[in-house]
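As the structure lists them, so they are numbered: ligands from 1, and atoms in each ligand from 1. Predicted model only: the values in this text are computed from it and were never measured.
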Amino acid sequence: MRKRSKRPHVTLKLAVSADGMIGLHGIGQVRITGPEAREEVHRLRARTDAILVGIGTAIADDPELTCRLEDLENQSPIRIVLDRRLELPLNSKLVMTAREVPVIVIADLAATTEDGLDARGEALEAAGVEILTCDSTRLDDLLTALASRGISSLVVEGGAKTARSFLNAGLVDQILLFRGPGTLGEGGIASPFDPQSIPAGFRPVETHQFGADICENYERDI
Ligand SMILES: NC(=O)c1ccc[n+]([C@@H]2O[C@H](COP(=O)([O-])OP(=O)(O)OC[C@H]3O[C@@H](n4cnc5c(N)ncnc54)[C@H](OP(=O)(O)O)[C@@H]3O)[C@@H](O)[C@H]2O)c1
């Protein structure tokens with residue numbers, strides 16, 4: 001993919017509840033799947049070059065996005081955050097671990113040169129975060145830039161807006177949909193799609209069971 005299309009292979013991974021939600025408004029990380037599925041996600045991270053989330057997820061969930069399986073800890077992917085205005089908190093797990101596992105923040109050049117934001121950028125860089133300035137609405141350009149750094153595989157781990165942007169830009173090659181048996185109910189953040197509304201152009205290739213959860217794998221028709 002990197003050589004032919006000059007971009008990494010993109011996997012969109014989402015965990016969705018039985019009522020089609022990926023999280024809860026105003027509440028951080030919500031457990032949708034069980035330990036077996038989460039372990040599989042860590043194996044997926046170990047197999048991929050880079051992992052990407054939007055700033056909404058980085059702030060709401062404070063994820064680390066590393067691989068924390070025994071013997072695979074040194075195979076964590078590069079972590080990338082779409083963060084136009086450099087809002088990633090300095091005390092977030094991503095920033096605090098940036099010296100051990102690289103973190104790249106995708107920022108908007110216009111936004112970062114506004115008053116005060118230069119200082120935030122400097123603080124992030126001092127903490128070991130790399131700031132890559134580019135127009136994050138041009139995801140195709142971003143992927144080309146990542147490919148030119150040798151990144152061949154990218155897992156997009158959400159949230160909803162980021163998933164939609166990648167799908168709308170036609171830049172998703174594979175969807176891994178983890179389905180948990182529980183419901184989230186009121187206050188839920190709707191998944192951009194569910195098993196009944198898989199985006200056009202994707203076909204199911206396999207299904208795996210992880211404990212009480214199901215993972216459906218869809219690939220894009222070439
Ligand atoms: N179940 C799951 O699999 C899963 C996975 C991850 C997250 N989540 C949940 O999802 C929620 C967060 O989702 P979210 O939709 O609010 O936020 P998000 O997708 O994580 O982040 C969206 C923000 O990223 C920035 N951004 C910059 N460039 C973008 C681009 N090209 N496309 C989209 N966004 C871009 C935008 O911020 P500005 O507009 O400020 O520039 C946008 O508001 C959390 O509650 C989290 O728990 C669930």
With heavy atoms only and a cut-off of under 4.0 Å, state how Arg84 meets ligand 1: side chain, backbone, both or neither.
side chain
Does the side chain of Leu12 reach to within under 4.5 Å of the side chain of Phe202, using non-hydrogen atoms?
no
With atoms numbered from 1 as shown, which atoms in ligand 1 lie under 4.0 angstrom from a non-hydrogen atom of Gly54?
18 (P), 20 (O), 21 (O), 24 (O)
Any idea which protein heavy atom is nearest atom 5 (C) of ligand 1, and the distance to it?
Glu157 O, 3.0 Å
Ile32 heavy atoms, cut-off 4.0 Å: which ligand 1 atoms fall inside?
1 (N)
Any non-hydrogen atom of Ala160 lying under 4.0 Å from ligand 1?
yes
Close-contact set for ligand 1 against Leu14 heavy atoms, below 4.0 Å
3 (O)
Just need the protein heavy atom nearest to atom 48 (C) of ligand 1, so name the residue and atom and give the distance.
Ile22 O, 3.1 Å
Can you tell me if Gln29 has a non-hydrogen atom under 4.0 Å from ligand 1?
no
Apply the test side chain to side chain contact (heavy atoms under 4.5 Å, CB included) to residues Val155 and Arg45: give CA-CA distance (whole Å), side-chain angles for both, the deciding distance (0.1 Å), then the verdict.
CA-CA 8 Å; Val155 171; Arg45 288 176 182 172; over 6 Å; no
Can you name the salt bridge (charged side-chain N to carboxylate O under 4.0 Å, His left out) partners of Asp49, sequence neighbours left out?
none
For atom 19 (O) of ligand 1, state which one of Leu184, Ile27, Asn168, Thr162 supplies the nearest heavy atom.
Thr162
From the list Val41, Leu14, Thr57, side-chain contact (heavy atoms from CB on, under 4.5 Å) with Glu157 holds only for Val41
State, without any angle test, whether Ser197 and Asp194 hold a side-chain donor-acceptor pair at a distance under 3.5 Å.
yes
Please list, in number order, the atoms of ligand 1 under 4.0 Å from a heavy atom of Ile189.
11 (C), 45 (O)
among protein heavy atoms, the one nearest atom 12 (C) of ligand 1 is Thr57 OG1, 3.5 Å
Please answer whether the main-chain N or O of Ile55 pairs with a side-chain N or O of Asp83 as donor and acceptor at a distance below 3.5 Å.
no
Taking only heavy atoms of Ile55, which atoms of ligand 1 are found under 4.0 Å from at least one of them?
21 (O), 23 (C), 24 (O), 25 (C), 37 (O)
Which residue and heavy atom of the protein sit nearest atom 17 (O) of ligand 1, plus the separation:
Gly56 CA, 3.6 Å
Any donor-acceptor pair under 3.5 Å from Arg79 side chain to Leu65 backbone
no
Quick one: look up the protein heavy atom nearest atom 31 (N) of ligand 1 and list residue, atom name and how far away it is.
Ser136 O, 2.7 Å
Residue part near ligand 1, for Ser165, under 4.0 Å between non-hydrogen atoms
side chain
Close side-chain approach of Leu171 to Val156, heavy-atom, < 4.5 Å
no
Would Arg85 count as a contact of ligand 1 if the rule is a heavy atom under 4.0 Å away?
yes
Could you check Arg7 against Ser5 for side chain to side chain donor-acceptor pair (under 3.5 Å), going step by step and ending with a plain yes or no?
CA-CA 5 Å; Arg7 69 165 177 85; Ser5 305; 5.3 Å; no
Check side chain to side chain contact (heavy atoms under 4.5 Å, CB included) between Ile27 and all other residues, then give those that pass, not counting sequence neighbours.
Leu24, Val30
closest protein heavy atom to atom 29 (C) of ligand 1 is Leu82 CD1, 3.6 Å
Has Arg68 got more than 12 heavy atoms of other residues, nucleotides or ligands less than 6.0 Å from its CZ?
yes
Considering only the protein, which heavy-atom contact is closest to atom 3 (O) of ligand 1, and what is its distance?
Ala15 N, 2.7 Å
Distance to 0.1 Å, residue and atom name: give those for the protein heavy atom nearest to atom 42 (C) of ligand 1.
Lys161 CD, 4.0 Å
Check ligand 1 against Asp61 and write out every atom of the ligand that is under 4.0 Å from a heavy-atom position of the residue.
7 (C), 44 (C), 46 (C), 47 (O)
Check this for me: Gln209, atom CD, are more than 12 non-hydrogen atoms of other residues, nucleotides or ligands nearer than 6.0 Å?
yes
So which atom in Phe210 and which in Cys215 form the shortest heavy-atom distance, rounded to 0.1 Å?
CE1-CB, 3.7 Å
Counting only heavy atoms, which portion of Val30 has something under 4.0 Å from ligand 1: side chain, backbone, both, or neither?
neither
